[in-house]
Amino acid sequence: VRNYTIGDVLSRYHRMKGFQVMQPMGWDAFGLPAENAAMANGVPPAKWTDDNIAYMRKQLKSLGFAIDWSRELATCKPEYYRWNQWLFLRMLEKDLVYKKTGVVNWDPIDQTVLANEQVIDGRGWRTGALVEKREIPMYYMRITAYADELLSALDSLAGWPERVKVMQANWIGRSEGVEVSFPYEDGSGVLKVFTTRADTLMGATYCAVAAEHPLATRAAANNPQLAAFIEQCKRGAVIEAEIATQPKAGMATGQFVVHPLSGEKLPVWVANYVLMGYGEGAVMAVPAHDERDFEFATQYRLPIKRVVQSTRGAYEDTVAPWQDAYAEPGVTIDSGAFSGLAFEAAVDAIAAALEAKGLGKKRVQYRLRDWGISRQRYWGTPIPLIYCERCGDVPVPDDQLPVVLPDNLVPDGTGNPLAKTPSFYQTACPTCGGTARRETDTMDTFVDSSWYYMRYCCPDDATAMVDDRVGYWMTVDQYIGGIEHAILHLLYSRFWTKVMRDFGLVQIDEPFTNLLTQGMVLNEIFYRKSDSGRITYFNPADVELILDERGQRIGAKLKLDGKPVESDGIGTMSKSKNNGIDPQALIDEHGADTARLFTMFAAPPEQTLEWSDAGVEGAFRFLKRLWHFCAEFQRAGGAQTANDPSALARQVAASPDQTALRHEIHAILKQANYDLLKFQFNTVVSAAMKILNALEKAYRGAGGVSAVLAFSQESLPLVREALAIQLRLLAPITPHLSFHVWRELGLGNDVFDAPWPEPDENALKLDEIELVLQVNGKLRGSIKVPSDAVRAQIEQMALASPIAQKYIEGQSVKKVVVVPGRLVNVVL
RNA sequence: GCCGGGAUGGCGGAAUUGGUAGACGCACGGGACUCAAAAUCCCGCGGUGGUGACACCAUGGGGGUUCGAUUCCCCCUCCCGGCACCA
């Protein structure tokens with residue numbers, strides 16, 4: 001509701017601003033959740049997915065979103081995913097897709113590959129079995145070939161939040177450093193490492209390699225203890241966060257390398273903090289200047305040699321080498337010929353020395369890895385390959401696309417159903433016609449979401465992935481998505497767009513011109529734990545809070561049985577924690593406009609939002625008051641008032657009250673228009689509330705109780721103008737009410753065809769303005785000055801004011817700060 | 001652990017990016033209307049002191065820059081998002 005209300009508000013606002021707006025909708029429908037639901041309910045994921053699409057489509061319609069349903073698509077339909085297969089084959093031809101082994105989580109009981117999400121504390125979520133790692137062949141997309149462009153093009157994305165660009169830049173992780181070769185002791189080769197801190201090379205006291213490194217494998221061949229340790233490492237975590245937080249562990253390989261400059265003999269260790277996937281899978285360890293090396297060296301009593309000194313202060317005077325690592329750049333010390341050099345000079349000198357010996361060179365390293373897209377799962381796009389014993393790996397020919405996914409299978413949690421369905425995997429080799437087997441892996445669902453926005457432009461094209469219409473509409477002017485997509489989805493989409501561009505399919509370089517990263521909606525999590533330790537989660541809608549007489553919360557109970565439930569704090573809304581909210585109840589009780597208004601009012605779009613329906617009544621009350629006010633205005637004959645700007649100006653000029661009211665309304669409108677530019681919809685709603693408050697205050701009749709409103713004939717043109725502003729300001733947020741009342745009040749046929757309201761500069765002008773008066777920066781009062789007063793005049797009036805005089809008495813004025821239109825500060 | 005973001009009344013949040021901290025709304029308290037309740041309307045509502053005009057304190061904690069800091073800088077705490085197979 002939050003995500004699509006933001007989109008609808010922006011769409012309707014831009015439509016009123018005169019733009020031609022396309023607001024499409026589709027279903028990213030492949031993936032794990034559908035398989036899990038299918039498993040739980042014993043129905044094929046296709047049926048579950050279709051039912052959900054129908055339910056959600058109905059709900060989106062009831063919320064009144066201005067969606068062009070003729071463009072609707074679902075990524076799980078062959079008309080869509082055939083083009084995933086088609087582009088995959090084009091990429092395979094250009095070597096942008098390749099095959100290599102990759103590591104997966106393996107559940108030994110269910111005999112199945114697990115997603116990271118399905119691994120809980122190192123065990124399979126269904127079986128509880130200790131998860132193993134397995135290496136299997138997979139297909140990769142060569143996103144690293146685009147690393148440079150994906151990084152540099154971030155600068156062109158002016159409409160993206162800075163934080164997203166920073167996260168992407170760090171993810172790509174371009175670093176300039178030095179590749180250093182440490183010759184093996186026996187001269188049989190070299191151990192290559194990459195470092196960004198070549199200045200610390202003279203402080204290297206050992207080298208460390210990943211468990212999967214060839215050197216480790218070789219060393220383990222006649223060292224059973226080491227082999228066992230490596231096995232243990234390989235069984236460990238796959239998730240980077242776990243690898244980075246697990247306790248450091250290592251073992252000496254018994255192998256030694258030679259320091260390329262000093263000739264010193266350094267031991268080589270296997271360490272669980274070295275990643276095979278980054279750099280060379282090996283590091284030179286400088287415990288004195290790297291936190292992780294320091295921790296490891298301390299733990300295994302390896303030497304620590306300090307070779308860099310702080311330039312700022314005497315860090316090394318107060319902290320001994322065995323106490324802490326100094327990881328900042330500084331000046332080299334105790335480094336022989338390389339001593340006394342600043343960071344860059346030291347790196348240059350050491351790189352040059354290495355290069356002269358043929359044992360190193362400067363190079364660029366990326367953190368970004370190629371995109372593994374193979375999934376050993378059913379509910380996804382089939383990878384279009386065929387394996388023939390005679391011909392090998394044979395791509396599916398274009399005229400045999402799409403490879404259609406059977407839609408009647410029910411996964412049971414053990415392996416991939418496709419691999420157990422001969423009618424799917426048995427096929428003929430396209431080359432030799434012999435018996436062959438289809439690939440049963442499917443594609444990562446990020447493939448589906450990497451280009452769906454382009455397909456909205458031409459959803460009916462049965463002969464091509466995209467056509468000319470894509471050129472007309474693309475790029476996406478305003479993309480809206482959760483901040484959780486900041487890296488993966490948004491990076492893959494950018495990569496995919498560039499690939500399509502290089503194939504000549506589109507002319508754009510980037511998919512999304514402006515990006516709004518909406519904050520997540522959180523809600524409280526309630527549960528009970530049974531004696532056996534099994535946890536049951538309860539939906540917050542079924543829980544009642546227990547309050548004391550002061551309204552302070554003292555507990556919570558289940559409405560059904562009145563017995564207490566525990567709170568697990570606030571978390572992202574999720575099915576597993578049963579803390580989501582079905583918006584239907586809100587829509588049923590208060591209507592779509594209230595649901596939309598409240599959602600927009602609760603917080604600015606980019607901010608995380610803790611769900612609470614405590615304010616819904618306030619939003620509903622406001623709309624009822626507005627409706628009532630409009631009805632009273634209509635009853636007073638307001639709908640018959642002609643739209644006559646000069647008559648309005650005359651009548652307003654004749655009344656100071658009307659002048660003040662009109663000024664107030666136009667000032668609120670000016671601020672609201674500014675807030676809209678920043679997409680700050682919560683204060684736009686607040687502005688609409690202020691307008692109604694001002695109108696009610698001005699026209700509330702005597703006796704108050706039954707909210708009788710009194711409009712004089714003279715006031716009708718002004719109220720008409722105010723309501724015309726109000727209804728247009730609210731139209732993007734509460735389209736139903738605005739559309740109806742706009743018509744009822746005779747303001748026009750369709751409020752969405754009306755121009756966006758702009759404040760009248762004449763109404764904004766004031767003869768006299770109030771300035772804040774400060775003395776020594778403290779608020780002491782205010783003074784009224786003519787709005788066209790110059791600095792000297794303001795200064796003089798401020799000093800002459802009784803308030804200032806009171807404080808000045810007996811002291812001298814040092815200076816007077818005047819901030820035009822805001823304040824005067826007298827410094828004593 | 002690393003990268004990014006956040007913290008303001010009882011609650012959601014505002015403060016035109018260095019210029020009146022708490023707009024707007026919720027909750028709460030008092031009052032009006034009513035036989036009564038609901039709905040509606042009016043008033044109050046950060047803390048401490050004072051009868052009072054007023055004074056002082058206060059934007060997660062500690063320091064700094066400035067005439068002036070929620071806003072800028074340094075250090076710290078806690079929370080949220082991401083970490084490549086949830087999407």
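Naming: A, B, ... by sequence-line order, numbering from 1 per chain.
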Measure the distance from [atom1] on [X] to [atom2] on [N] and round it to the nearest whole Å.
| X | N | atom1 | atom2 | result |
| --- | --- | --- | --- | --- |
| A:Glu610 | B:rA27 | CD | C1' | 17 Å |
| A:Phe620 | B:rA39 | CZ | C1' | 12 Å |
| A:Asp448 | B:rC86 | CG | C1' | 14 Å |
| A:Glu617 | B:rA27 | CD | P | 7 Å |
| A:Gln607 | B:rG12 | CD | P | 10 Å |
| A:Phe622 | B:rU40 | CZ | C1' | 17 Å |
| A:Met443 | B:rC86 | CE | P | 19 Å |
| A:Phe598 | B:rG13 | CZ | P | 10 Å |

When you compare [N] with [M], how far apart are their [atom1] atoms, in angstrom units rounded to a whole number?
| N | M | atom1 | answer |
| --- | --- | --- | --- |
| B:rA69 | B:rU8 | C1' | 14 Å |
| B:rU71 | B:rA7 | P | 11 Å |
| B:rC57 | B:rU77 | P | 29 Å |
| B:rU16 | B:rG63 | P | 27 Å |
| B:rG6 | B:rC76 | C1' | 16 Å |
| B:rU40 | B:rC54 | P | 35 Å |
| B:rU51 | B:rC35 | P | 42 Å |
| B:rG47 | B:rA58 | P | 16 Å |

Check for me whether A:Lys248 meets the cation-pi criterion with A:Tyr273, that is, NZ or CZ under 6.0 Å from the six-membered ring centre and within 45 degrees of the ring axis. yes
Could I get the full list of side chain to side chain contact (heavy atoms under 4.5 Å, CB included) partners for A:Glu135, not counting sequence neighbours? A:Thr101, A:Val103
By side chain to side chain contact (heavy atoms under 4.5 Å, CB included) - contacts of A:Val119 (at least two apart):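 A:Asn105, A:Leu114, A:Val131.
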Among [options], find the nucleotide with the atom closest to the side chain of [X].
| X | options | answer |
| --- | --- | --- |
| A:Gln671 | B:rU16, B:rC41, B:rG12 | B:rU16 |
| A:Lys778 | B:rU40, B:rC57, B:rC3 | B:rC57 |
| A:Asn693 | B:rU20, B:rG1, B:rG25 | B:rG25 |

Sugar-phosphate only, base, or nothing, as touched by [X] at under 4.0 Å among non-hydrogen atoms:
| X | value |
| --- | --- |
| A:Asp28 | sugar-phosphate |
| A:Tyr674 | sugar-phosphate |
| A:Val819 | base |
| A:Gln680 | sugar-phosphate |
| A:Tyr452 | nothing |
| A:Thr445 | sugar-phosphate |

Specify the residues of residues 821-828 of chain A, ordered by number, for which at least one heavy atom lies under 4.0 angstrom from an atom of RNA chain B. A:Arg822, A:Leu823, A:Asn825, A:Val827
Ring centres of A:Phe601 and A:Phe622 under 6.0 Å apart?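 No, the ring centres sit 6.0 Å or more apart.
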Taking the six-membered ring for Trp, is the centroid-to-centroid distance between A:Tyr80 and A:Trp451 below 6.0 Å?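 Yes - the distance between ring centres of A:Tyr80 and A:Trp451 falls below the 6.0 Å cut-off.
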Contact string for nucleotides 78-85 of chain B, one letter per nucleotide 5' to 3', B = base within protein heavy-atom range under 4.0 Å, S = sugar-phosphate only, - = neither, reads ---BSBBB
Using the criterion of both pairing distances under 3.5 Å for Watson-Crick and G-U wobble pairs, give all stems of 3 or more consecutive pairs involving RNA chain B.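 Counting only runs of 3 or more consecutive pairs, the stems involving RNA chain B are B:1-7 with B:77-83, B:10-12 with B:24-26, B:28-32 with B:40-44, B:46-49 with B:54-57, B:60-64 with B:72-76.
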Do the rings of A:Phe598 and A:Trp611 sit parallel, tilted or perpendicular, given the 30° and 60° boundaries? perpendicular
Below 30° counts as parallel, above 60° as perpendicular, anything between as tilted: where do the rings of A:Tyr453 and A:Tyr479 land?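 Ring orientation, 0 to 90° scale: perpendicular.
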For B:rC24 and A:Asn682 - does any side-chain N or O of the residue sit under 4.0 Å from the phosphate oxygens OP1/OP2? no
Would you say a side-chain N or O of A:Arg621 is under 4.0 Å from OP1 or OP2 of B:rC26?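 So the side-chain polar atoms of A:Arg621 do come within 4.0 Å of the phosphate oxygens OP1 or OP2 of B:rC26, strictly under.
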Pair A:Thr144-A:Asp370, side-chain hydrogen bond (donor to acceptor under 3.5 Å, both in side chains): steps then yes or no: CA-CA 6 Å; A:Thr144 52; A:Asp370 277 336; 2.7 Å; yes
Just to verify, what does A:Arg625 make a salt bridge (Lys or Arg N to Asp or Glu O under 4.0 Å) with, not counting sequence neighbours?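 Counting only residues at least two positions away or on another chain, A:Arg625 forms a salt bridge (Lys or Arg N to Asp or Glu O under 4.0 Å) with A:Glu696.
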If you take atom types as modelled and just measure distance, does the side chain of A:Gln774 reach the base of B:rG19 with a donor-acceptor pair under 3.5 Å?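 By the distance-only test, yes, there is a pair.
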